[in-house]
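Keep in mind it's a predicted model, so treat the numbers as computed, not measured. Below, chain A is the first sequence line, B the second, and so on; all start at residue 1.
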2 protein chains.
Amino acid sequence: MSSPHLQTYSERAKKHSNKAAKALLEIIEEKKSNLSVSVDVTKSKDFLDIIEAVGPHVCLIKTHIDVLEDFDATVIDRLQELSEKHNFLIFEDRKFADIGSTVVLQYSKGIYKIADWAHITNAHAVPGPSIITGLASVGLPKDRGLILLAEMSSKGALTTGSYTEDAVRMARARRDFVIGFIAQHRMEGIAASDTDNIAEEDFLVLAPGVGLDATGDAMGQQYRTPEQVVFESGCDVIIVGRGIYGKGENVDRTEVVKQAQRYQAAGWEAYKKRVQRT
Amino acid sequence: MSSPHLQTYSERAKKHSNKAAKALLEIIEEKKSNLSVSVDVTKSKDFLDIIEAVGPHVCLIKTHIDVLEDFDATVIDRLQELSEKHNFLIFEDRKFADIGSTVVLQYSKGIYKIADWAHITNAHAVPGPSIITGLASVGLPKDRGLILLAEMSSKGALTTGSYTEDAVRMARARRDFVIGFIAQHRMEGIAASDTDNIAEEDFLVLAPGVGLDATGDAMGQQYRTPEQVVFESGCDVIIVGRGIYGKGENVDRTEVVKQAQRYQAAGWEAYKKRVQRT
């Protein structure tokens with residue numbers, strides 16, 4: 001069995017046991033898009049305008065729902081309508097990072113009720129396995145998937161060495177719910193023991209910090225190209241934000257669509273090159 | 001100069017340069033309470049009832065504002081009124097864990113506008129120094145303080161070895177804003193270099209997982225007593241939740257007050273024993 005990233009998305013979709021992961025892989029193949037747009041804006045109108053524009057070109061919309069200043073429940077209704085209309089999944093980038101009993105509340109309760117609408121969310125591994133146990137108790141009954149942060153692309157991140165290995169071990173122990181990683185390279189087989197059945201592992205790798213034009217920002221974020229993350233490093237989904245919608249205020253729809261298509265094409269080209277090289 | 005935890009809270013208050021830290025130390029001394037109550041409930045009425053009951057007995061109220069199902073802006077108004085009436089600070093346990101540009105938005109924007117009302121918030125060190133840079137750009141102009149998570153008390157937490165050391169180095173580099181740690185022991189001098197002026201370090205240590213009756217829960221949380229965390233380990237503030245208000249629904253005010261007084265007394269007794277032993 002070849003490594004997951006040398007198989008096609010549709011081959012992997014057929015084999016994946018988690019429903020959110022399976023759906024994401026199917027959408028990627030169907031829309032020929034491994035592009036996720038990270039919509040980090042503070043006004044609901046800009047938020048929905050950008051999603052409406054990029055919707056046809058993405059497999060996944062990544063949200064920070066808690067930065068919307070004029071949030072109300074209708075934003076979620078509209079987001080879900082767009083998800084169905086344009087066939088993309090929703091990934092709330094909550095970066096849960098608390099103990100089990102707290103993340104249960106944060107995921108299911110409060111104003112946002114993230115588990116009710118986000119097909120995928122993510123968590124840091126730092127609290128240990130209880131964070132997965134807690135989130136899975138809410139998410140699995142709703143067919144949700146969890147992404148773990150095994151690496152971060154910001155300068156001086158502490159996700160190094162044994163940290164990454166421990167995160168992968170935690171994921172491997174809960175493959176029913178943990179569908180992959182926020183990372184910059186493949187994670188299968190990392191820190192595996194002789195008794196782990198790694199041949200069946202297929203962790204989706206979602207790569208943030210992707211840009212075609214910029215190399216870094218003042219807050220320590222570093223950028224890599226779709227070619228680098230998908231072809232060279234074997235990542236599955238490229239996450240792009242400002243590179244597509246700039247400041248994100250009163251966006252020029254035509255320009256946003258143009259940039260989304262540009263990243264979609266670059267990500268897909270890198271994927272085709274990857275699966276054809278064997 | 002003796003280690004900070006062998007000095008009195010009021011001695012330390014006089015020397016601390018961060019205004020939120022100074023205020024917290026003053027309140028602790030004035031109210032003879034190093035007790036923080038963690039109010040993890042999902043209904044605003046329960047939330048405010050508990051805070052009203054424990055207010056006179058605490059130095060700090062720890063919130064997870066995002067688990068309140070019926071949150072609206074009046075909850076913050078009422079919380080601030082209680083903070084002034086009973087003289088306690090507010091600590092939003094947000095556990096920020098994203099890159100600089102994102103935490104700026106999460107801290108200042110959105111529905112919650114945490115920076116406007118939380119004297120203290122916290123962050124994981126895992127993204128590297130950019131998380132502190134980002135939060136400080138919002139919080140320092142408002143005289144806020146930041147707590148870093150250098151350890152977690154949940155089973156299998158990845159905050160071990162070099163992780164904790166790196167977190168302390170990050171804090172040391174930003175002592176104007178980072179006022180201490182969520183941890184189980186003192187942090188001064190950890191991973192210091194010859195050129196660091198550690199004699200002036202005074203990191204407040206806030207200890208979660210404190211209980212007088214329980215030893216653990218099903219989600220991996222482990223408990224220690226006030227005597228263990230304050231006297232033996234030198235922590236400054238004990239954080240107690242369910243031990244004080246149980247399930248937190250339709251609470252029996254008399255019982256909550258009784259438990260708060262019990263923890264207040266235990267925490268203060270452990271502190272007096274600590275500063276008198278030298």
Side-chain angles (χ1 to χ4, degrees), chain A residues 38 40-42 64-72 93-106 108-113 123-131 133-134 137 149 152-163 166-167 170 208-209 217-221 241-242, chain B residues 38 40-42 64-72 93-106 108-113 123-131 133-134 137 149 152-163 166-167 170 208-209 217-221 241-242:
Chain A
S38 167
D40 296 341
V41 296
T42 59
H64 283 297
I65 203 72
D66 64 337
V67 309
L68 289 178
E69 296 194 287
D70 52 358
F71 173 87
D72 64 37
D93 185 6
R94 173 59 177 76
K95 293 187 174 67
F96 287 105
D98 215 313
I99 58 173
S101 55
T102 300
V103 298
V104 163
L105 297 178
Q106 293 175 321
S108 62
K109 304 282 187 176
I111 291 288
Y112 299 127
K113 296 180 175 44
H124 280 288
V126 61
S130 78
I131 191 168
T133 310
S137 72
L149 284 109
M152 293 191 82
S153 55
S154 45
K155 283 184 190 165
L158 306 190
T159 49
T160 54
S162 65
Y163 185 103
D166 288 339
M170 283 170 57
D217 74 12
M219 291 283 190
Q221 176 74 340
R242 308 269 157 208
Chain B
S38 167
D40 297 341
V41 295
T42 59
H64 283 297
I65 203 72
D66 65 337
V67 309
L68 289 179
E69 295 194 288
D70 52 357
F71 173 87
D72 63 39
D93 185 7
R94 174 57 176 77
K95 292 188 174 66
F96 288 105
D98 215 314
I99 59 173
S101 55
T102 300
V103 296
V104 164
L105 297 178
Q106 292 175 321
S108 62
K109 306 278 189 181
I111 290 288
Y112 298 126
K113 296 180 175 43
H124 280 287
V126 60
S130 78
I131 190 167
T133 310
S137 72
L149 284 109
M152 292 190 81
S153 56
S154 45
K155 282 184 191 166
L158 306 190
T159 50
T160 54
S162 65
Y163 185 102
D166 287 339
M170 284 170 57
D217 74 11
M219 291 285 190
Q221 175 74 340
R242 308 270 157 209

Counting heavy-atom pairs under 4.5 Å with chain A, which one of [options] comes out on top?
options: B:Leu149, B:Thr160, B:Val126; answer: B:Val126
options: B:Thr102, B:Thr42, B:Asp93; answer: B:Thr102
options: B:Lys113, B:Met170, B:His64; answer: B:His64
options: B:Ser108, B:Gly156, B:Ala157; answer: B:Ala157

| Just how far is it from atom CG of B:Leu158 to atom CG of A:Leu158, taken to the nearest 0.5 Å? |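 Here the rounded value is 11.5 Å.
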| field | Backbone of B:Met152 reached by a side-chain donor or acceptor of B:Thr159 within 3.5 Å | value |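 Yes; at least one donor-acceptor contact below 3.5 Å.
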| request: Please answer whether the main-chain N or O of B:Ile65 pairs with a side-chain N or O of B:Arg94 as donor and acceptor at a distance below 3.5 Å. | output: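 Side chain of B:Arg94 to backbone of B:Ile65, a donor-acceptor pair under 3.5 Å: no, none is there.
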Closest heavy-atom contact between [X] and [Y]?
X: A:Ala97; Y: B:His124; result: O-NE2, 2.8 Å
X: B:Asp98; Y: B:Gln106; result: CB-OE1, 4.1 Å
X: B:Ala167; Y: B:Ala125; result: CB-CB, 3.6 Å

| said: Is B:Leu68 close to chain A through its backbone or its side chain, or both, or neither, when contacts mean heavy atoms under 4.5 Å? | reply: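 The backbone, not the side chain.
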| message | What part of B:Tyr112 gets within 4.5 angstrom of chain A, counting heavy atoms only: side chain, backbone, both, or neither? | response |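 Looking at B:Tyr112, just its side chain touches chain A.
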| query | Who wins among A:Asp70, A:Asp66, A:Asp72, A:Leu105 for the most heavy-atom pairs under 4.5 Å with chain B? | reply |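 The candidate making the most pairs under 4.5 Å is A:Asp66.
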| task | With a 4.5 Å cut-off on heavy-atom pairs, point out which of A:Gly241, A:Ser162, A:Gly128, A:Gly110 contacts chain B the most. | result |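 Option with the top pair count is A:Gly110.
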